[in-house]
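Each residue takes its place number in the sequence, starting with 1.
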Amino acid sequence: MKIYAFDFDGTLTTRDTLLAFIRYARGDRRFVLGMLRYAPLLVLMKLGLYANWKVKQKVFNHFFGGMTMTDFDALCQRFAVDNRQLLRPKGVETMRKALADGARVIVVSASIDNWVRPFFGEEVEVMGTQVEVSDGRLTGRFLTRNCYGAEKVRRISERYPHRSEYELTAFGDSRGDKELLEYADEGHYKPFR
């Protein structure tokens, strides 16, 4: 069996979709004010002094905590429909060829899977960061670990535990994909630019 694993942000897209999603959902003014509020934590994160997932969760909670899951999913659907231009054509074509050849195709991403999944058909499996829901509303917290770095390999290994039974080809573009690219039989760094 052949598996093709693609990172999403920066690999299949031209930019980070968390920021694009927030701006789309909340508008420029609220986006800028929210980012200014978390600027000190973002700087600490870039310096390696504050965990990536903690900043991401705080920002996510600020913008979406308390929203109904129904409204959030509808927003994610609209975002994907209205932002197809974010996808890199060469990446999409590589996915199509892999599917046509009978390979399994996975998008493994630190992004929230709710807005990643609508970009692709049912034949593409999405492994992303999942959000916690209570009484039909987003709590603002993540249900799973941020799907970044070694977590990408853990997710694939959990879903496909018998490593000797498949050939893995991976595509990534950042530090968050290093472990995935090393784990793969064939790794491609920034292949669609």
Side-chain angles (χ1 to χ4, degrees), residues 1-21 42 44-57 59-60 76 80 86-132 141-193:
M1 175 171 64
K2 289 188 177 184
I3 298 175
Y4 283 68
F6 296 82
D7 167 59
F8 187 60
D9 292 300
T11 301
L12 288 174
T13 68
T14 55
R15 60 189 168 123
D16 183 274
T17 57
L18 172 61
L19 301 179
F21 182 72
L42 293 165
L44 289 173
M45 180 191 76
K46 287 294 183 187
L47 295 172
L49 301 173
Y50 199 83
N52 173 297
W53 73 268
K54 286 183 181 180
V55 175
K56 183 176 174 181
Q57 185 170 259
V59 169
F60 182 81
C76 293
L86 292 174
L87 294 175
R88 294 182 188 273
K90 289 180 184 176
V92 172
E93 183 57 29
T94 301
M95 293 177 92
R96 284 189 186 130
K97 285 181 181 175
L99 288 167
D101 290 343
R104 293 200 180 172
V105 174
I106 302 168
V107 174
V108 58
S109 174
S111 280
I112 308 301
D113 59 4
N114 298 69
W115 73 68
V116 176
R117 193 171 289 110
F119 277 93
F120 308 102
E122 291 293 318
E123 66 275 10
V124 174
E125 184 175 354
V126 174
M127 298 176 182
T129 302
Q130 296 178 347
V131 294
E132 184 181 77
R141 293 186 299 270
F142 298 148
L143 183 64
T144 61
R145 289 182 181 171
N146 189 31
C147 193
Y148 177 90
E151 181 66 10
K152 291 187 177 194
V153 173
R154 193 192 73 72
R155 294 276 190 95
I156 291 172
S157 298
E158 182 178 80
R159 176 75 173 87
Y160 300 99
H162 306 291
R163 186 61 181 88
S164 62
E165 294 179 2
Y166 59 89
E167 181 182 313
L168 179 64
T169 302
F171 304 85
D173 79 309
S174 72
R175 163 61 193 96
D177 303 314
K178 180 179 182 287
E179 292 87 348
L180 173 63
L181 295 174
E182 290 173 353
Y183 182 68
D185 297 296
E186 186 180 322
H188 299 274
Y189 183 71
K190 296 185 179 182
F192 308 124
R193 296 185 182 190

Counting only N and O atoms by type, is there a donor-acceptor contact under 3.5 Å from the side chain of [X] to the main-chain atoms of [Y]?
X: Lys2; Y: Ala103; answer: no
X: Thr11; Y: Phe6; answer: no
X: Asp113; Y: Met127; answer: no
X: Thr129; Y: Cys147; answer: yes
X: Arg88; Y: Thr13; answer: yes
X: Asp177; Y: Ser174; answer: yes
X: Arg155; Y: Ser109; answer: no

From [X] [atom1] over to [Y] [atom2], what is the distance, rounded to the nearest 0.5 angstrom?
X: Leu168; Y: Glu186; atom1: CG; atom2: CD; answer: 9.5 Å
X: Gln130; Y: Leu143; atom1: CD; atom2: CG; answer: 6.0 Å
X: Gln57; Y: Asn52; atom1: CD; atom2: CG; answer: 11.5 Å
X: Tyr4; Y: Asp101; atom1: OH; atom2: CG; answer: 6.5 Å
X: Thr94; Y: Phe192; atom1: OG1; atom2: CZ; answer: 4.0 Å

For residues [X] and [Y], report the shortest heavy-atom separation together with the two atoms involved.
X: Leu86; Y: Thr17; result: CD1-CG2, 4.2 Å
X: Val116; Y: Ser111; result: CG2-CB, 3.6 Å
X: Ala184; Y: Ala170; result: CB-CB, 3.6 Å
X: Ala5; Y: Val108; result: CB-CG1, 4.4 Å
X: Pro118; Y: Ala80; result: CB-CB, 3.5 Å

Under 3.5 Å donor-acceptor pairs involving side-chain atoms of residues 119-126, not counting sequence neighbours:
residue: Glu125; atom: OE1; partner: Tyr160; partner atom: OH; Å: 2.7
residue: Glu125; atom: OE2; partner: Arg159; partner atom: NE; Å: 2.9

*So Phe8 and Leu87, side chain to side chain contact (heavy atoms under 4.5 Å, CB included) or not? Walk me through it.*
CA-CA 9 Å; Phe8 187 60; Leu87 294 175; 4.1 Å; yes
*In sequence, state the C-alpha distance, the side-chain angles, and the governing distance for Glu167 and Arg163, and then conclude on salt bridge (charged side-chain N to carboxylate O under 4.0 Å, His left out).*
CA-CA 8 Å; Glu167 181 182 313; Arg163 186 61 181 88; over 6 Å; no
With a 4.5 Å cut-off on side-chain heavy atoms, are [Y] and [X] touching?
X: Asp9; Y: Leu18; value: no
X: Ile112; Y: Phe142; value: yes
X: Leu42; Y: Lys46; value: no
X: Thr169; Y: His188; value: yes

*Tyr166 vs Ile156, side chain to side chain contact (heavy atoms under 4.5 Å, CB included): CA-CA, chis, key distance, verdict*: CA-CA 11 Å; Tyr166 59 89; Ile156 291 172; 3.9 Å; yes
*Before giving the answer on side chain to side chain contact (heavy atoms under 4.5 Å, CB included), spell out for Met95 and Leu12 the whole-Å C-alpha distance, their side-chain angles and the decisive distance to 0.1 Å.*
CA-CA 10 Å; Met95 293 177 92; Leu12 288 174; 3.9 Å; yes
*More than 12 heavy atoms of other residues, nucleotides or ligands under 6.0 Å from CZ of Arg15: is that the case?*
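It does not: Arg15 CZ has 12 such atoms or fewer within range.
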*asked:* How about CZ on Arg154, more than 12 heavy atoms from neighbouring residues, nucleotides or ligands closer than 6.0 Å, or not?
replied: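 Yes.
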*May I ask you to check whether Tyr183 and Ser157 show a side-chain donor-acceptor distance below 3.5 Å?*
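Indeed, the side chains of Tyr183 and Ser157 share at least one donor-acceptor pair under 3.5 Å.
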*Starting from the C-alpha separation in whole Å, work towards a yes-or-no answer on salt bridge (charged side-chain N to carboxylate O under 4.0 Å, His left out) for Glu93 and Lys90.*
CA-CA 5 Å; Glu93 183 57 29; Lys90 289 180 184 176; over 6 Å; no
